[in-house]
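Worth knowing before you read on, the calculation uses all heavy atoms, side chains too, and leaves out hydrogens, waters and symmetry mates. This is a predicted model, so every value here is computed, not measured.
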Amino acid sequence: MNPALCPVVCLGGANVDRKLRVAAPVRPGSSNPVSARETWGGVARNVAENLARCGVPVQMLTAVGQDAAGRALLDDAARCGIDTRAAEVVADALTGSYTAVLNPDGSLHVALAHMDLCEQLTPDWLARHAGRCRSAALVVADLNLPAATLAALVAAASDLGAPPLVLVAVSEAKMDRLPARLCGVRLLVLNRGELAAWAGTEVLADGVTRLKAAGVRDVVVTLGEAGLGHTTAEGELVWLAAPVVPPEAVIDVTGAGDALAAGLCHGLWAGAVDAQGWSPTCARALARAALTVQSAETVIPDTEPLPPVPL
Ligand SMILES: Nc1ncnc2c1ncn2[C@@H]1O[C@H](COP(=O)(O)OP(=O)(O)O)[C@@H](O)[C@H]1O
Ligand SMILES: O=c1[nH]cc([C@@H]2O[C@H](COP(=O)(O)O)[C@@H](O)[C@H]2O)c(=O)[nH]1
């Protein structure tokens with residue numbers, strides 16, 4: 001594989017994120033002042049933008065509506081350096097949206113997702129893009145994709161010569177889309193709530209053991225400000241702390257998990273994980289996620305590309 005020539009292909013959600021920042025916890029029956037802003041979102045889109053900002057060639061396979069938001073989203077992605085030529089533009093449909101109500105400290109109060117367009121990303125759609133996925137350096141899919149499409153992706157990832165497949169969770173509610181058999185999945189990234197929802201236990205090590213038994217090669221479970229846990233080739237679970245961000249510096253946590261997932265994909269794509277194991281790549285990804293929580297943007301826009309991954 002020559003990573004410089006092969007793109008990372010990101011499949012899944014792209015939508016409008018609406019952020020409503022409340023001055024105090026919302027109370028029913030009272031008038032709740034908010035300040036509102038919009039950014040682009042969707043896990044696959046966020047991962048793609050993070051990778052593009054790090055200088056990785058990336059192609060996004062998603063669906064947007066044939067509306068002003070859909071056109072603007074694709075234009076913006078193209079400006080970030082993402083190849084959007086194969087994105088679906090669905091006639092007579094509205095681009096998906098996600099509304100986050102944020103506490104004054106930037107933590108998430110409530111999130112409402114409306115991303116029906118991902119239901120258009122069927123196994124037939126995937127089959128039309130099989131060549132693109134097969135010639136990628138890395139395939140990254142979010143769990144906005146329908147269960148049948150995810151199952152087809154995982155099955156294809158088991159083929160000899162297929163590129164590594166990374167799955168990224170999107171919400172506890174969509175964990176039932178994860179295929180039962182995960183052989184061929186190189187990495188699954190999910191937060192502790194998503195792991196508990198899937199495994200039916202709050203005991204993280206037990207949940208990770210079940211994922212490994214389902215066939216996934218490696219798991220990264222994110223733990224908010226506490227950092228993450230990652231599996232190792234020796235079958236251990238290692239905990240890494242996040243850089244300390246003072247509470248007053250946290251502006252918006254939306255997208256931090258996607259920044260982290262992108263950092264992990266960057267290390268896989270560059271060969272750093274194969275050469276060094278997960279820890280150095282995880283440390284770099286934690287640094288990127290910590291910057292994201294200190295920005296109002298879902299993806300930090302103006303960072304230097306990450307320093308080349310030392311091998
Ligand atoms: N307050 C914080 N300080 C530093 N890093 C943070 C903070 N909150 C989140 N992160 C980073 O973002 C990652 C993802 O956050 P988490 O809340 O676990 O997932 P998600 O955002 O997907 O729900 C964490 O693993 C951590 O690296
Ligand atoms: O069911 C979903 N919920 C939320 C998202 C997206 O997740 C992002 C926030 O990710 P994180 O978990 O890293 O905060 C937002 O951009 C939002 O659009 C999504 O794709 N699908």
Side-chain angles (χ1 to χ4, degrees), residues 3-17 19 37-62 64 69 72-87 98 100 106 136-142 144 164 166 168 170 187 189 220 222 228 242-243 245 249-273 280-311:
L5 297 178
C6 300
V8 176
V9 173
C10 294
L11 304 97
N15 54 264
V16 183
D17 280 0
K19 318 271 184 77
R37 70 189 298 268
E38 286 187 354
T39 60
W40 302 121
V43 168
R45 195 218 68 88
N46 294 344
V47 171
E49 183 180 343
N50 273 288
L51 287 169
R53 302 250 180 228
C54 295
V56 177
V58 54
Q59 179 162 47
M60 181 166 77
L61 301 182
T62 188
V64 297
L73 186 155
L74 293 182
D75 286 351
D76 179 78
R79 271 196 302 276
C80 296
I82 300 169
D83 180 347
T84 59
R85 285 171 297 176
Y98 165 89
L138 184 70
V139 175
V140 186
D142 74 27
N144 287 310
V166 177
V168 186
V170 300
L187 172 68
V189 188
V220 170
T222 67
L228 59 76
V245 179
V250 176
I251 294 177
D252 179 355
V253 296
T254 323
D258 306 339
L260 188 115
L264 303 175
C265 293
H266 186 243
L268 270 176
W269 172 81
V273 177
T281 284
C282 285
R284 281 188 293 273
L286 285 165
R288 186 164 184 88
L291 288 178
T292 306
V293 305
Q294 296 173 73
S295 163
E297 304 296 332
T298 301
V299 177
I300 34 175
D302 52 0
T303 42
E304 302 287 313
L306 281 184
V309 177
L311 290 175

(request) Identify the heavy atoms of Val189 and Ala261 that sit nearest to each other, and give their distance. (result) CG1-CB, 4.2 Å

(request) Compare every heavy atom of Trp40 with every heavy atom of Asp17, then report the nearest pair and how far apart it is. (result) OD2-O, 4.2 Å

(message) Please give me the minimum heavy-atom distance between Ala256 and Ala289, naming the atom from each residue.
(response) O-CB, 3.5 Å

(request) Just jot down the side chain to side chain donor-acceptor pair (under 3.5 Å) partners of Asn46, sequence neighbours excluded, or say none. (result) Asp258

(message) Can you confirm whether Pro7 sits close enough to Asp83 that some side-chain heavy atom of one is under 4.5 Å from a side-chain heavy atom of the other?
(response) no

(request) Measure from the side-chain N and O atoms of Ser295 to the backbone N and O of Leu291, and report whether any donor-acceptor pair falls under 3.5 Å. (result) no

(request) Before accepting this row, confirm whether a basic side-chain N of the pair Glu297/Arg37 lies closer than 4.0 Å to the acidic partner's carboxylate O. (result) yes

(message) Is the shortest side-chain heavy-atom distance between Ile300 and Arg53 below 4.5 Å?
(response) no

(message) With a 4.5 Å cut-off on side-chain heavy atoms, are Val9 and Leu61 touching?
(response) yes

(message) Nearest 0.5 angstrom please: Gln294 CD to Thr292 OG1, how far?
(response) 9.0 Å

(message) Please check: side-chain N/O of Thr62 versus main-chain N/O of Gly12, any donor-acceptor pairing under 3.5 Å?
(response) yes

(message) Tell me which one of Leu74, Val47, Leu11, Val8 satisfies side chain to side chain contact (heavy atoms under 4.5 Å, CB included) with Met60.
(response) Leu74

(message) Among residues at least two apart in sequence or on other chains, which ones pass salt bridge (Lys or Arg N to Asp or Glu O under 4.0 Å) with Asp252?
(response) Lys19

(request) For residues Val139 and Ala136, report the shortest heavy-atom separation together with the two atoms involved. (result) CG2-CB, 4.2 Å

(message) On a heavy-atom basis, which atom in Cys282 and which in Val220 lie closest, and how many Å separate them?
(response) SG-CG2, 4.5 Å

(message) Are Leu51 and Cys265 packed together at the side-chain level, in the sense that at least one heavy-atom pair is separated by less than 4.5 angstrom?
(response) yes

(message) Can you tell me how far apart CG (Leu268) and CG (Leu138) are? Round to the nearest 0.5 Å.
(response) 5.5 Å

(message) Would you say that Cys10 contacts Gln59 through its side chain, given a criterion of any heavy-atom pair below 4.5 Å between the two side chains?
(response) no

(request) Indicate the atoms forming the closest heavy-atom contact of Asp142 with Ala44, along with that distance. (result) OD2-N, 2.9 Å

(request) Would you please say whether a donor-acceptor pair under 3.5 Å links the side chains of Arg45 and Asn15? (result) no

(request) Measure the SG-CZ distance between Cys54 and Arg284 for me, rounded to the nearest 0.5 Å. (result) 10.5 Å

(message) Between Thr39 and Thr298, is there a side-chain donor-acceptor contact under 3.5 Å, judged purely by atom types and distance?
(response) yes

(request) Find the distance between CZ (Arg79) and CD (Glu49) and round it off to the nearest 0.5 Å. (result) 10.5 Å

